[in-house]
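Predicted model only: the values in this text are computed from it and were never measured.
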Amino acid sequence: MSWKLSAALVLAASLAGCATNPVTGRPQLALISESQEVQMGAQAAQEVQQTIGLVDDAALQQYVHGIGTRLAARSERPSLPWTFRVVDDPTPNAFALPGGYIFVTRGLLGLMEDEAELSSVLGHEIGHVTARHQVTQISRAQLAQLGLGIGSILVPELQQFGEVAGLGMNLLFLKYGRDAENQADDLGFRYALTEGYDVREMAEVFAALQRVGEREGRSPLPSWLQTHPNPGERIRRTGERVAALNRPLQGLRVGEAEYLGRIDGLVYGENPRNGFFRGGVFLHPDLRFRLDFPQGWRTQNLPQAVVAVSPQQDAMIQLTLGQGSPDAAAQRFFSRQGLQPGQAGRETVNGLPAVVGYFRAQTQQGVVDGVAAFVSHAGRTYEIVAFTPTGRFAPYDRLFRQTLGSFGPLTDPQALAAQPNRIDVVRLDRAMTLVEFNRRYPSAVPLAELAVINGVEGETSPLPAGSLVKRVVPGTGTP
């Protein structure tokens, strides 16, 4: 180890010892300043919004932001630039980025029942930020890089943090240790209670997440159970927190009617307006195009790309939006470092102007061969890239060209009119069971799922008269 590296490690350890945790007042490993923390979070938050997208409902966004900021004002770091946003994703989860940038998915909103439950979720994520849990993990990663001689620390420019600063979306996938999660739960419980919410509702969130379990989805986000500990233990600990209060909790705010009124009409599940698959055919109603992927390939519709992987996992096709005209997008693509362009030229794809060309590229996984098409449609350029490792291209060439050649305008009236499922909140005029409710107000989801989103233990459990109950109204035009 060089003397420079030794000195840097000593300096890092010294600075870590000087950092004080805002929550505990004890020393904490923190190799980035608060301004760097905020800058890092702002950059990652912008990437999240561009990659996943926000729910297009200004009133709902303001509602969630208002609850979050009131809770954050009760925290140990009230001066951070706190922001709370609802992302357009059906997976139930919530995330905190460094510096106070917090996201909750519409999938989680659809699962919860009231404002007190929402406050416990937002309070938990606020706790991760106030206790600087992300900062600790990032700092540990920095020290690990430094120890290997590949890192750089204590620099003001965000981009010089190397792999750590380039996490972007990866910051959403952080898994905290049990102690950090327990501390965040403790803090969220306290913030919600201080703001006057009924903290007994915190256990209801964990119970709902436990019932919903792991769900397969076409989403770039992990589910709650992938990023948080088992809910069963957290339900028990919530009960212990409530018991330790040793005080009556009647009169605390629940906010069921206000909350359900805000999510009434919220999209539930996948939104076909963002594109959907009908068999191996991808249809996009808003952008009015279609693309036929090979039969049997595994497909996924992500916010910024549509991808398909071969059954042997040795070939991939990816559709994204290009920049500029087909000529400009093709020139930008074929001039990338490490890419060798092959035969290319202008073509017509289903009457649309296009540039199509072959290429060879050096990737971190090895050399690949592929073909790319840049097609103009309705004022946009679509970039379709298909590739496979060198030596395997010949058997895929025809299949790749068939997929590229299938891109074209979407004209199917049913697909163009596709609408998503939505939550509909009904006030019961009489007592009934969930089975009776579903018979009277048919839902687009199975009865077991309907029970989960309504926090009902059993399908025959009684629902009192006057209760607000969620159903899922079916959309149209999708398979």
Side-chain angles (χ1 to χ4, degrees), residues 57 59-60 63-64 67 86 90-92 94 104-121 192 196-215 223-225 231-232 234-236 238-239 242 248-270 420-475:
D57 185 335
L60 179 64
Y63 173 70
V64 172
I67 294 173
V86 182
T91 309
V104 58
T105 65
R106 64 170 169 81
L108 185 54
L109 291 186
L111 190 63
M112 292 188 291
E113 284 287 294
D114 53 55
E115 203 170 281
E117 291 184 21
L118 175 60
S119 71
S120 69
V121 168
Y197 285 106
D198 190 335
V199 287
R200 291 172 293 186
E201 296 296 297
M202 189 177 204
E204 296 300 320
V205 180
F206 300 143
L209 290 163
Q210 189 174 42
R211 287 193 293 267
V212 77
E214 295 283 5
R215 279 201 228 173
S223 71
W224 177 281
L225 295 183
R234 304 175 79 181
I235 293 173
R236 184 187 65 78
T238 300
V242 171
L249 299 180
Q250 288 77 14
L252 291 178
R253 181 174 177 79
V254 174
E256 179 191 38
E258 296 87 344
Y259 179 82
L260 292 178
R262 290 293 182 180
I263 68 166
D264 192 13
L266 184 67
V267 171
Y268 184 87
E270 300 292 338
N421 296 343
R422 292 184 182 274
I423 292 174
D424 178 40
V425 179
V426 178
R427 185 178 292 277
L428 301 188
D429 58 1
R430 63 177 178 84
M432 63 182 71
T433 66
L434 192 68
V435 172
E436 293 172 317
F437 173 81
N438 193 49
R439 191 179 301 124
R440 185 174 177 182
Y441 303 99
S443 192
V445 299
L447 196 58
E449 186 172 345
L450 193 64
V452 169
I453 67 174
N454 280 291
V456 176
E457 288 290 342
E459 299 165 3
T460 58
S461 298
L463 301 171
S467 297
L468 293 172
V469 184
K470 290 180 279 188
R471 69 166 178 156
V472 179
V473 178

With sequence neighbours excluded, residues passing side-chain hydrogen bond (donor to acceptor under 3.5 Å, both in side chains) with R440: D429
With sequence neighbours left out, what residues match P462 under side chain to side chain contact (heavy atoms under 4.5 Å, CB included)? none
Which residues satisfy the side chain to side chain contact (heavy atoms under 4.5 Å, CB included) test with A59, sequence neighbours excluded? D57, R262
Under a 4.5 Å cut-off applied to non-hydrogen side-chain atoms, are K470 and I263 in contact? yes
Would you indicate whether the side-chain heavy atoms of L209 and L108 approach each other to under 4.5 Å? yes
Does D424 have any salt bridge (charged side-chain N to carboxylate O under 4.0 Å, His left out) partners at least two apart in sequence or in another chain, and if so, which? R471
If you look only at distance, which donor and acceptor atoms sit under 3.5 Å apart when one is on a side chain in residues 253-261 and the other is two or more places apart or in another chain?
residue: R253; atom: NE; partner: E115; partner atom: OE2; Å: 2.7
residue: R253; atom: NH2; partner: E115; partner atom: OE1; Å: 3.4
residue: R253; atom: NH2; partner: E115; partner atom: OE2; Å: 3.1
residue: Y259; atom: OH; partner: L109; partner atom: O; Å: 2.6

Please list, chain by chain and in numerical order, all residues satisfying salt bridge (charged side-chain N to carboxylate O under 4.0 Å, His left out) with E204, sequence neighbours excluded. none
Excluding sequence neighbours, so at least two apart, what forms ring pair (Phe, Tyr, Trp, His ring centres under 6.0 Å) with Y441? F437
For G110 and I453 the tightest heavy-atom approach is O-CB, 3.9 Å
Could you list the residues that satisfy side-chain hydrogen bond (donor to acceptor under 3.5 Å, both in side chains) with R200, not counting sequence neighbours? D198
Could you list the residues that satisfy side chain to side chain contact (heavy atoms under 4.5 Å, CB included) with R427, not counting sequence neighbours? L468
Residue pairs fulfilling ring pair (Phe, Tyr, Trp, His ring centres under 6.0 Å) with at least one residue in residues 449-475, sequence neighbours excluded: none
